[in-house]
Amino acid sequence: MRRIVVVGAGQAGLLLALGLQTHGYAVTVVTDRDAETIRAGRLISNQCVFHPALTRERALGINFWDGTAPEMLGASFGLAGDSAEPAIAWQARFDHPAQSVDQRVKVSDWLTAFAGRDGEVRYGKVTPEGLEEYAREFDLVLVAAGRGPQFDGLFPRDAARSRYREPQRTIGILYLVAGNDEPLPVYPGLTFGLSQAGELFGLPVQSVRGPVFGLGFFGVPGGPLDVWDDVTDTDAHFELAMTLLREQFPWVEESLAGARPSGPLDALRGRVLPIVRDPVGTLPSGAKVLAMGDTAVTNDPIAGQGANMAAYAAAVYERRILDHGDRPYDEAFLRGTFAEYWERAQHATRLSNDLLAPPPDHVLATLEAAQTAPEVARRFANIFADPADYTGWLADEEIARAYLASNAA
Ligand SMILES: Cc1cc2nc3c(=O)[nH]c(=O)nc-3n(C[C@H](O)[C@H](O)[C@H](O)COP(=O)(O)OP(=O)(O)OC[C@H]3O[C@@H](n4cnc5c(N)ncnc54)[C@H](O)[C@@H]3O)c2cc1C
């Protein structure tokens, strides 16, 4: 039996490890945090997961939150204008419900499930040098240790595939509950607000202590939503979030009247550098290791693609490993595996990168047409689940205008 180690126990690494486990592989997961620490820790992400990724979780029998987590039924879009009402507004259903389960819940439960199914978990922070030891012990080393610079030297930036050199948004997310412990009267899906200052994303989430509403602001650097650097506690975050809501997205304010923060650790503030890396790293010994998830491709979370693509990576990597049988995991195998993933993941990166730029006129025209043409609204709402449709449609002005001409009447 092949010996496989996955460094990192997040959406990518655990899904792959749990998947390979169902096929009888003896997978080892190495991670720097145990399940209790993750669950008791600070908010990690907003993790809206769409139907394709949920289907994969269900197939593995690890979607433990169906029936508990609030279903996200669609998208509610508003473009800020000159008054308290949005200049453009529409709602559309997703073709299939999405779901957001707090990663502190999801990842800790998956780690426990993996160990409970006889998976080996080792604890410790793996360094680039430390990978050498794993390369000696295992046939295949996968690095799924999330985003950030820790493996910069091993997986350098792919200049041709990375559009930005700096983070493009300042992010502030806070989880809210109603002051009276009743459910908040929020839209049962993704609330998406767009203004010149940036974006608002709101969504119902199944969190550590039950259902909450995740309220996230994505600010263009230097603009009125780029305000989180000096905020250090949740109460100050809450006050600022309510002010931003009133000033930038006033039509959302009413549904959050009476809301309060759900807990002192239920906030996150920061920036994400979007980057695509060379996914195959060579250790000093010459051994090759393969990156996956955010370690290979980090998207700004503006389009909610990272966890979805991590799930997709797990599916592709798993099938490639199964198909490969007993042959050696050589560089051609590693590159071919990432290439198959990138074939589709490139659309998620394109969507994420394009959303970070000011919307071109044909996209604004599409958003406006969606107000009166339900099929246009439906198609727009569903590009987040199927970003390839974005590339084949809105990314191309000519195609987008032709589509509007025949669908927006
Ligand atoms: C604010 C925000 C909002 C987001 N919203 C969404 C969304 O709505 N939808 C969506 O699809 N995606 C979203 N994402 C992105 C999503 O969270 C990530 O893309 C996804 O979690 C990536 O999974 P991963 O397994 O690659 O990395 P991670 O989930 O980061 O997991 C990495 C794991 O590796 C461990 N680790 C790290 N370093 C080491 C080391 N040196 N040694 C051992 N273990 C290590 C970590 O503890 C962790 O368990 C969002 C991200 C952010 C920041």
Side-chain angles (χ1 to χ4, degrees), residues 5-17 28-35 37-39 41-50 52-54 72 98-104 106-108 110-111 114 121-131 134 141-151 154 167 169-175 190 192 199 201-203 205 214-218 228 267-275 277 291-314 317 341 345 348-349 351-352 384-385 387:
V5 63
V6 181
V7 175
Q11 182 89 20
L14 277 177
L15 269 179
L16 177 61
T28 297
V29 166
V30 189
T31 184
D32 57 354
R33 294 192 301 163
D34 65 21
T37 309
I38 296 167
R39 184 177 264 274
R42 178 167 285 282
L43 182 61
I44 306 169
S45 167
N46 232 2
Q47 71 278 310
C48 177
V49 172
F50 297 98
L54 289 174
M72 294 179 52
Q99 199 180 72
S100 175
V101 175
D102 190 326
Q103 280 191 338
R104 292 172 296 183
K106 186 176 240 185
V107 167
S108 56
W110 282 355
L111 191 54
F114 174 73
V121 182
R122 298 184 194 174
Y123 293 100
K125 191 169 182 63
V126 179
T127 60
E129 301 73 42
L131 286 171
Y134 293 101
V141 179
L142 296 148
V143 185
R147 67 180 186 278
Q150 58 177 330
F151 292 103
L154 198 55
R169 291 292 185 274
T170 308
I171 300 165
I173 295 178
L174 178 64
Y175 282 2
L190 187 67
F192 176 13
E199 298 78 22
F201 289 99
L203 72 175
V205 178
L215 177 63
F217 294 97
F218 286 55
W228 304 108
L268 75 79
R269 298 171 285 276
R271 297 173 174 79
V272 172
L273 174 66
I275 185 166
R277 298 175 182 280
M292 72 180 296
D294 274 12
T295 304
V297 179
T298 305
N299 295 309
D300 185 286
I302 188 164
Q305 295 299 303
N308 288 282
M309 284 301 118
Y312 180 65
Y317 285 36
Y341 161 72
T349 296
L351 172 63
S352 305
F384 298 97

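One-based numbering, in listed order, for ligands and for the atoms of each.
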Under 3.5 Å between some N or O of ligand 1 and some N or O of [X]?
X: Gly304; value: yes
X: Ala12; value: yes
X: Thr295; value: no
X: Pro301; value: no
X: Val7; value: no
X: Arg147; value: no
X: Leu268; value: no

How close does the nearest protein non-hydrogen atom get to [atom], and which residue and atom is it?
atom: atom 34 (O) of ligand 1; result: Gly8 CA, 3.2 Å
atom: atom 9 (N) of ligand 1; result: Cys48 O, 3.0 Å
atom: atom 33 (C) of ligand 1; result: Ala9 N, 3.5 Å
atom: atom 40 (C) of ligand 1; result: Val126 N, 3.7 Å
atom: atom 37 (C) of ligand 1; result: Ala145 O, 3.1 Å
atom: atom 38 (N) of ligand 1; result: Gln150 NE2, 2.8 Å
atom: atom 23 (O) of ligand 1; result: Gln11 CB, 3.7 Å
atom: atom 5 (N) of ligand 1; result: Gln47 N, 3.3 Å

At a 4.0 Å threshold, what atoms of ligand 1 neighbour a non-hydrogen atom of [X]?
X: Ile173; answer: 1 (C)
X: Gly293; answer: 26 (O)
X: Gly10; answer: 25 (O), 29 (O), 31 (O), 33 (C), 49 (O)
X: Asp294; answer: 18 (C), 19 (O), 22 (C), 26 (O)
X: Thr31; answer: 43 (C), 44 (N), 49 (O)
X: Gly124; answer: 42 (N), 43 (C)
X: Gly306; answer: 10 (C), 11 (O), 12 (N), 15 (C), 18 (C), 19 (O)
X: Arg33; answer: 47 (O)

Verify, without hydrogens or angle tests, whether [X] (side chain) and [Y] (backbone) share a donor-acceptor contact under 3.5 angstrom.
X: Arg42; Y: Leu268; answer: no
X: Thr28; Y: Val5; answer: no
X: Gln47; Y: Gln103; answer: yes

Would Ser100 count as a contact residue for ligand 1, given that I'm defining contact as a non-hydrogen atom of the residue lying under 4.0 Å from a ligand atom?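 Checking ligand 1 against Ser100, which is what was asked, there is no heavy-atom contact under 4.0 Å.
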Partners meeting ring pair (Phe, Tyr, Trp, His ring centres under 6.0 Å) with Phe201 (sequence neighbours left out):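 By the ring pair (Phe, Tyr, Trp, His ring centres under 6.0 Å) rule, Phe201 matches Phe192, Phe218.
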Apply side-chain contact (heavy atoms from CB on, under 4.5 Å) to Leu14 and Leu111, showing your working. CA-CA 7 Å; Leu14 277 177; Leu111 191 54; 3.9 Å; yes
Would you say the side chain of [Y] lies within less than 4.5 Å of the side chain of [X], judging by non-hydrogen atoms?
X: Lys106; Y: Val49; value: yes
X: Asp102; Y: Tyr175; value: yes
X: Phe50; Y: Met72; value: no
X: Tyr123; Y: Asp32; value: no
X: Val297; Y: Met309; value: no
X: Pro301; Y: Ile171; value: yes
X: Pro274; Y: Thr349; value: no
X: Leu154; Y: Leu131; value: yes

Among [options], whose heavy atom sits nearest [atom]?
atom: atom 36 (N) of ligand 1; options: Asp32, Val272, Val6; result: Asp32
atom: atom 10 (C) of ligand 1; options: Pro128, Ala313, Ser45, Ala307; result: Ala307
atom: atom 30 (O) of ligand 1; options: Gly146, Ala314, Ala348; result: Gly146

After noting the C-alpha distance and the side-chain angles of Ile44 and Ile38, does the key distance pass the side-chain contact (heavy atoms from CB on, under 4.5 Å) rule? CA-CA 9 Å; Ile44 306 169; Ile38 296 167; 4.1 Å; yes
Specify side chain, backbone, both or neither for Gln103, according to which of its non-hydrogen atoms lie closer than 4.0 Å to ligand 1. side chain
For a side-chain contact (heavy atoms from CB on, under 4.5 Å) with Ile173, tell me which candidate from Leu43, Leu215, Val205 qualifies.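 Filter result, single survivor: Leu43.
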With side-chain contact (heavy atoms from CB on, under 4.5 Å) as the test, would you mind laying out the steps for Arg169 and Phe217 before giving the verdict? CA-CA 9 Å; Arg169 291 292 185 274; Phe217 294 97; over 6 Å; no
